[in-house]
Each structure stands twice: as C-alpha cells, then as structure tokens.
Number of protein chains: 2
Amino acid sequence: MSSSSVTIKDIAKMLGISKSTVSRALSEHTDVNAETRQRVIEVARKLNYAPNTIALNLKQQRTNIIGVIIPETVNRFFAKAIGGIQRIANLAGYNVMICQSDESSTTEKNNLQSLIAAHVDGVIISVSSETDHTDHFDALLQRNIPVVFFDRISESLQTSQVVTDNYEIAFEGTEHLIAQGRNKIAIVAGPLNLYVSKHRFQGYADALKKHNLPLRDEYIIHSNFHNSDIEAYTKQLINLPERPDAVFAINDYAAIEMMYHFKKHGIRIPEDIAMLGFNNENICKFVEPPLSSIELSSYDLGTTAAELLLRQIKGSRELEKKLVKSKLVIRESTAGKKS
Amino acid sequence: MSSSSVTIKDIAKMLGISKSTVSRALSEHTDVNAETRQRVIEVARKLNYAPNTIALNLKQQRTNIIGVIIPETVNRFFAKAIGGIQRIANLAGYNVMICQSDESSTTEKNNLQSLIAAHVDGVIISVSSETDHTDHFDALLQRNIPVVFFDRISESLQTSQVVTDNYEIAFEGTEHLIAQGRNKIAIVAGPLNLYVSKHRFQGYADALKKHNLPLRDEYIIHSNFHNSDIEAYTKQLINLPERPDAVFAINDYAAIEMMYHFKKHGIRIPEDIAMLGFNNENICKFVEPPLSSIELSSYDLGTTAAELLLRQIKGSRELEKKLVKSKLVIRESTAGKKS
DNA sequence: ATGAAAGCGCTAACAC
DNA sequence: GTGTTAGCGCTTTCAT
C-alpha cells in the first residue's frame, strides 16, 4: 500500500500546483514550463510515483491485455506458441492472459466470457478439438474485439488467421514414405472437425492418390490428441491381414508409443514399419530409432498471430491470412525399406 | 462496441430511475423494491448489459487477476503447475496472467514490474535458475502484494511457499540405486543456487554417506535445465577411469539423452549403468529401457500455491509452508545389477 | 503555462 | 425504497 498509493494529487499538493499540471508534466507532450516539469518529475521520483493503470484503463477503455485461448499449456506445441505471443506482446507493452480450454468446448466458452469481462484488447485463439460450431466466437465480433485464430482456426468465421501448410507438409511426408518404398501407409489422424487434422488428412490422401495407392479404411485411425488408446490402435494395426509398412502419426508422442508397442511385438523399425511423427520434439533424436518428424514452427505461429492482432488493435481493419512453413526432418525411423 | 457499451446509466434513463437504484437492484444484497428490481433485471437482460469490470476495478482497487512468474511454459513441470493454478483461480473468479522469465533474472525483474503495474491482486513465483539475489521481490512485500513461491522458492524471503520433498525423494532415489547394487553413482545436478537443486543434491550426498559411499567430484555434473551439453557430459563420464554404474539425472530428458549416448557407446542400461530420471514424463514408459523416475505432482503444487495465495488475498496474514509429496516410480532402467 | 471542472462506470454514505 | 452526491485516479477540454 505505502508507496503504491502515491497519486498525482499527492504530488500536486506537495508542490502547490494542480493535478492537471502534474498530469501534463508527466505525460511529456503538452506545453508545460520546463522548470515546473523538472520539479514534478523530481518529486514523482522521490515519492516513487507510478501511475495507476486501472484509472488509465477506465479513462481509455482499454487494458493493454491480450487474451489467449489454447487447448492446453502442457502441449508443447502451444507452450511454444505462447512464448512467441508473449515476446511480441511484451515488446509492445501488452500483457498476456492465458486460458486453457482443456479441449472442451464448454470451457472454451467460459474462457471467452472471462476474457470479454476482463476487457482484453484482443484475443488469440486456437480452438479446442471438441469445438464444431463456432457461434460463441460471434460475441467477439459483435463487440468489435480484434481476434486472430492460429493453427486450429475456425473456417466459418471471417477473421485474421495464421496457419501452417498442413496439407502440403502432410503430402510431402506421405510422399517421403512412398519414396522409401512403402505402399501400405497407415495414418493416425486427429478429429476431422479440426482444421489441421482435416487438411493433413487430405494431404495424405492426395499423395496416395497421386501415386495410385488405395486409401484404405483399415489404415485410418481417428485418435484424439491425448494418445489414450495408442496401445489398442497399435494392436489393431498389427492384427490386420495386411499389416501396414509405415505409419504417419498425428504427433511424436503417439509415434513413440507406437514404436514401443511394435518393438514389443518383434516388429522392427524401420525395416518392417517406418514411422513418421509430427512436431519434431527434442526427444525424437534420442529414441530408438531416431524418429523422423515434421517441424512445426509454433513459436513463429505465435509471433505472427500476435503481430496480426496488434495491427488490428492499432486500428487496421484488414483481415490477413498468414502461412507459416513447416519442414520434414528425416531420421532413421523412415529409412528405406530393405527388400 | 455496440452491446458492450450499455451502462447502468442507460438502464436508469430507460426506466426513469436513478443509477444507484439500478446498481442496487443488480447487486442483490441491498433493499430495493421487488418490482423495481424485476424491471431493472429485465431491461438489463434485454440490453445485454454487462458491468464494466474496469470501473469496478478502479472503485475497489483490485483486478481479480493473479500474476504468475515461471521460468518457462515449455517446461512440462511448469505447464502442469499452470493448469493447477488456473483451475483454482478460475473457480474463485480470478483470471491468471502468466509471465515467463526464460530463466533470466533480468526478465524476471521486468515481469515483476509488469505485474505490479497491472495491479494484480497477488503473485505466484518460481524463480529463474539465474536468480541468486532476491531484492527485486521486495517490491511486492513493500506494496503488501500477497505472494507465494512454489518449487523454486526464495529462502531469504519471508513468504508463503509450496515445495516438494526434494531432499527426501533424492535420498530415497539414491538409496534405491544403492539397493540395486550400485555403488558408483553419478548425479546430474542443477545449479546449486537453486533451492530445489541444492536440496536434491544434499539428499543424494547424505544417502551416499549413510551407506559409506564416497562423494566423488568426478561423479557430480552441474548442468542447467536446458540439457545443452548432455552429450559432452556423457562422454566425460564414459571416459572416467572408474566409470559410474548409475546416474541420477536432473530430469527425464537429460536421462533419456544420456541413455541414448551410452547405448551408442555399447554401454548397456541397466546392466552396466542404471538410470534414474526426474519428473516422470509420459515418455518414460516408452523409451528403452523404460526409465525409472520421480513423479512430482506439479499440478498439485500449482493448486496448493493458488489456494495459499487466495487465502492471503482474502486477508489472511499467516505465512504458510506446504509440502507436496513426490514418489519414486521404478521401471527397468534401474533393475538390479547383474553381478 | 496553468487551473477548474467534467467525465470514464461504478459503488456507497448520506439524505429523505 | 430511492435519489443525490462524492469519489476511485487519471486525462482533457475549456477558460484564463
């Protein structure tokens, strides 16, 4: 309480001048006698004065806070994106308020309410895997709150967005597997209501088609991002009459767990089955065999999203769509087939 | 702008009554004519009225925001802790503002300034590994801002804190290795200015002493949490005249990377060297061999810290110190020595 | 160049 | 039970 409760009023009283003069002296850009200003600044420093942000907020009707809604912080992809967002936001003098939807549509809705109530100046969102309708985001548009979607975007909403080249990279990854002599490629796909999963799946499917490989239902596994059933899915694949010779997994953890179960069953990686992951976690380098994966620059996704949002907050009404490139990182798990 | 700019003044005008009556009608607990209240509530709903939080904040001089400073969100330990903090905070109607120090003392200082400027109602902190003096935290105490440290606490400051049983669990882990027939146990320790590292190291050292094993300098590796030099450290251990027969690592990622390098050199785990990690990441189950580790309940650490903080925000002046128990999870990487 | 006063949206002490 | 008024800390016309 002590030092924080110093107000311009105190300074004014102390110097026998008015609040307004103090305010002006402190805010640089209005005419005020150089000497007066000097004295004000001196006293302000001595009293350890700091302007009351809340009062400023009320006056200006903004908070300098950017709201963020992501599925989970424990998901490394989003943890990194947060880092990117914070970096840009902080540089611009904004704080960041993070909410987790926990992949639940209901929680997402509540998060949104909290952020609106907190009067954030803008919101960055990556939708939960459960979200299939996006009406609740309308609340933002109605209030003219700037919003940017990233990675898991809402296609039905007219907003700025930042995505990765999901389709292209999935296509490339699948082609890589084919080039390694694989022609029975299974995929662990995410929920298809999600923008990212849908496009990745499409890239996979189109690559198969281009190379005249059939798209087989039994090779398509619809997993969530929680990897709770990987063991069961692995057994399912193992027991197939025509066992796949490659698996393209939704994320590295799923891939690593699958490898573990495959190896338990005496299946060799990559000789029998090649494995390709998604995210390029550090751990990929140190599993056996080292896991090929797709490097998503989630940090860049975050910085880009923050930049777009700030531009909108500053008044731009232009809706921008940005693409952040990802890249295939090849390791032993997708080495060529020994035939 | 449209629907958000409805104020009690608008409602008052519309009903031909005063602002205060509207305020009272909306805030339940004051006497106000039942019929008036009914009409106010009705109009409020029709106009989609939402109170302006900023004005409330100014009035009450609080923000309902809890500030959090942690080293990194990409660190799963902290990502989980955030989850715990948010859960408790949200239930109590608080928002959470997260800052990352990136393990830098300077950034930590800036984070603190931001949070103070944002007038957060309280702060939860886990200090950066670089921080060895804690003067900058005094700013909080001076302003009577409630603060709780967790995991990486500041011992010199009189505040509430939540820690794990670092000493005990490190002691237990080391004894476990000894029980498996290991007597040349190396440790990958963190920076010793950190509370956690110091106590874990002490547990390790005391366990050795209890069993009459020497504490050998060449078995002690001081790593940071970034695992940037694990390969070099591993080689160092391998080239020792008396190679260790067990390694207790600061975290699972370091342990897994070490295993990888050991195996590259033809060293068998656990036959030649046993490995024990820290954090019990999901991945532990799926590496080869599955990695024994120590399960830290970081989520619980987070919830407990948030509970303590809220209690202080509500006015409690009691400084509490809480302990969250961790537990040893034994897997194959620390199986008994084949002698 | 400076002071007085209004107002951002809300609550609460004080009248009646 | 309801209206009037003041005030939270600050900025910003409008006078002077």
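Just so it is clear: chains get the letters A, B, ... in the order the sequence lines come, proteins before strands, and each one is counted from 1.
For A/Y49 and D/dG9, the shortest distance from a side-chain N or O to OP1 or OP2 is not below 4.0 Å. For the OP1/OP2 pair of D/dG9 and a distance below 4.0 Å, the side-chain nitrogens and oxygens of B/Q61 include at least one atom meeting the criterion. Close to D/dG3, at under 4.0 Å from its OP1 or OP2, lies a side-chain N or O of B/S18. Applying the 4.0 Å criterion to OP1 and OP2 of D/dG3, one finds that B/T21 has a side-chain N or O inside that range. For C/dT11, the OP1/OP2 oxygens have a side-chain nitrogen or oxygen of B/S23 closer than 4.0 Å. Note on A/T36: a side-chain N or O is less than 4.0 Å away from OP1 or OP2 of C/dT2.
Within 4.0 Å of B/L56, counting heavy atoms only, lie sugar-phosphate atoms of the nucleic acid but no base atom. Within 4.0 Å (heavy atoms only), B/N33 reaches sugar-phosphate atoms of the nucleic acid but no base atom.
Between the C1' atom of D/dT12 and the CD atom of A/Q60 lies a distance of 12 Å, rounded to the nearest Å. The NZ atom of A/K13 sits 11 Å away from the P atom of D/dG9 (whole-angstrom rounding). Distance, B/R37 CZ to D/dT2 C1': 13 Å, rounded to whole Å. Here D/dT11 presents its C1' atom at 16 Å from NZ of A/K9, a figure rounded to the nearest Å. Atom CG in B/N52 sits about 8 Å away from atom C1' in C/dC10, given to the nearest Å. A/I54 has its CD1 atom 14 Å from the P atom of D/dT11, to the nearest Å. If you take CG of B/D31 and P of D/dG3, they are 14 Å apart, rounded to a whole angstrom. Atom CZ in A/R24 sits about 6 Å away from atom C1' in C/dT2, given to the nearest Å.
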Derivation and outcome, salt bridge (Lys or Arg N to Asp or Glu O under 4.0 Å), residues A/E318 and A/R311: CA-CA 9 Å; A/E318 185 189 355; A/R311 224 170 292 164; 6.0 Å; no
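Of the possible polar contacts, one joining the A/S104 side chain to the A/T107 backbone as a donor-acceptor pair under 3.5 Å is found.
The ring of A/Y195 has its center no closer than 6.0 angstrom to the ring center of A/F149.
Using the six-membered ring where Trp is involved, A/F150 and A/F77 have ring planes that are parallel, under 30° apart on the 30 and 60° scheme.
For A/A55 and B/K19, each mapped to the nucleotide of DNA chain D holding its nearest heavy atom, the one lying further toward the 5' end belongs to B/K19.
Taking 4.0 Å as the cut-off between side-chain N and carboxylate O, A/E103 and A/R152 count as a salt-bridged pair.
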